[in-house]
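Accompanying notes for the structure given below.
Chain identifiers are assigned alphabetically (A, B, ...) following the order of the sequence lines, protein sequences preceding nucleic acid strands; residue numbering begins at 1 within each chain.
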Amino acid sequence: MYDAMLAETVRITGHGGDQIEAYLARPLDAHPVGGVVVIHHLPGYDLQTKEIVRRFAAEGYAAILPNLYSREAPGASPDDAAAIARAQGGVPDERLVGDVAGAADALRALTNANGKVATIGYCSGGRQSFLAACSLRLDAAVDCYGAFVVRTPPAESPLRVTPLLDIAGDLSCPLLGLFGAEDAYPSPEEVAELDRALTDLGKAHEFHTYPGAGHAFFAVNRPSYRPEAATDGWARILSFFATQLAS
Amino acid sequence: MCTYLTDTLAVRASAKGPQGWFAAERATVYFDHPVHLGDEHSLNVDLLGAGALPARVGLELDASSALALARAVLSTLATAPDGLVPSVVAEQARALLAGVPA
């Protein structure tokens with residue numbers, strides 16, 4: 001089996017026609033492949049999230065990671081960019097949707113694209129993956145422990161985000177949700193509330209909550225990493241994409 | 001968890017980053033995931049300069065260290081020789097220190 005892949009920094013057209021930075025990894029095999037837009041967590045466009053992008057390419061998908069902080073801090077190190085974006089209140093929802101749409105278009109334009117695109121996001125990106133799936137035509141979405149899908153942020157937070165339940169009826173694709181039982185953002189109650197709402201709306205979804213795991217259990221460089229939950233989560237993601245992104 | 005809680009304040013300060021000294025205009029204080037400290041959460045402080053791409057100095061402290069640092073700052077302000085610190089600031093520092101048992 002030919003398994004060469006290419007990973008590189010590219011420019012894509014994001015919200016408002018802005019040229020933004022993105023990290024693209026893709027198999028060089030000519031066979032048609034599905035695409036995955038990876039949405040980074042609040043700490044930013046970092047090395048660990050780029051590793052996730054390369055993992056998807058190694059698994060046979062074209063994957064792209066838009067740098068959501070391209071405008072606030074072009075060229076800055078990920079932690080500086082995240083600090084600046086935090087001080088400015090985070091990424092506006094409308095801009096996020098435009099940037100994900102641009103990333104999805106970039107994947108669909110690849111010569112070996114099969115036309116199917118999913119999103120996956122972690123932490124704040126989990127909420128944004130759900131937001132994108134309710135705002136764009138997608139084939140699958142994964143929400144990894146995204147908070148504030150059903151509840152508002154604390155009053156002290158500078159983040160300008162709102163709950164998304166009112167647009168859940170627009171969910172355009174099956175949703176896989178992966179959560180930690182010991183997480184508070186989102187809490188198990190919040191996850192259950194979203195589960196009930198999607199069931200009531202007749203939206204295809206599959207949620208898994210891991211005991212012994214809190215927030216960010218996929219983050220290999222943090223004490224929150226939980227190998228058992230992460231390994232099982234990866235298997236579920238790949239199985240989900242094998243079904244939803246098949247040519 | 002990502003706490004998202006952030007206190008943002010205007011400051012008049014100078015800080016030294018990788019490119020040298022700069023005038024800091026804002027500070028953010030939050031208890032959330034650190035980038036470098038090997039804990040799940042830490043008390044983080046960013047001092048940010050002016051402009052579209054501001055200079056930054058970041059601090060990540062474990063909770064006990066953050067409290068000790070806060071106490072040391074208050075103590076230093078409260079006990080500075082008369083006339084060096086504005087009296088209203090020194091009085092507030094003493095009042096706050098009185099409310100923070102050692």
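Although no hydrogens or angles enter the test, the distance criterion places no donor-acceptor pair under 3.5 Å between the side chain of B/Arg56 and the main chain of A/Ala81.
Taking every heavy atom of both residues into account, B/Gly38 and A/Pro223 meet most closely at O-CG, 3.8 Å. Taking every heavy atom of both residues into account, B/Leu53 and A/Ala76 meet most closely at CD1-CB, 4.1 Å.
Counted within 6.0 Å of CD on A/Glu206, heavy atoms from surrounding residues, nucleotides or ligands total more than 12; the atom is thus considered enclosed. Heavy-atom contacts from other residues, nucleotides or ligands closer than 6.0 Å to CD of A/Glu8 number more than 12. Heavy-atom neighbours of A/Glu51 CD from other residues, nucleotides or ligands within 6.0 Å: above the threshold of 12. Surrounding CG of B/Asp82 are at most 12 heavy atoms belonging to other residues, nucleotides or ligands under 6.0 Å away.
If you run side-chain contact (heavy atoms from CB on, under 4.5 Å) between A/Arg86 and each of B/Asn44, B/Leu48, B/Thr6, only B/Thr6 comes through.
Atoms CG and SG, from B/Asp32 and A/Cys123 in turn, are 7.5 Å apart once rounded to the nearest 0.5 Å. With rounding to the nearest 0.5 Å, the separation of CD in A/Gln88 from CZ in B/Arg26 is 6.0 Å.
Taking the charged nitrogens against the carboxylate oxygens, A/Arg226 and B/Glu40 do have a contact shorter than 4.0 Å, which makes a salt bridge.
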Using the rule given for side chain to side chain contact (heavy atoms under 4.5 Å, CB included), can you reason through B/His33 versus A/His215, listing the C-alpha separation, both sets of side-chain angles and the distance that settles it, and then say yes or no?
CA-CA 10 Å; B/His33 301 303; A/His215 198 75; 3.7 Å; yes
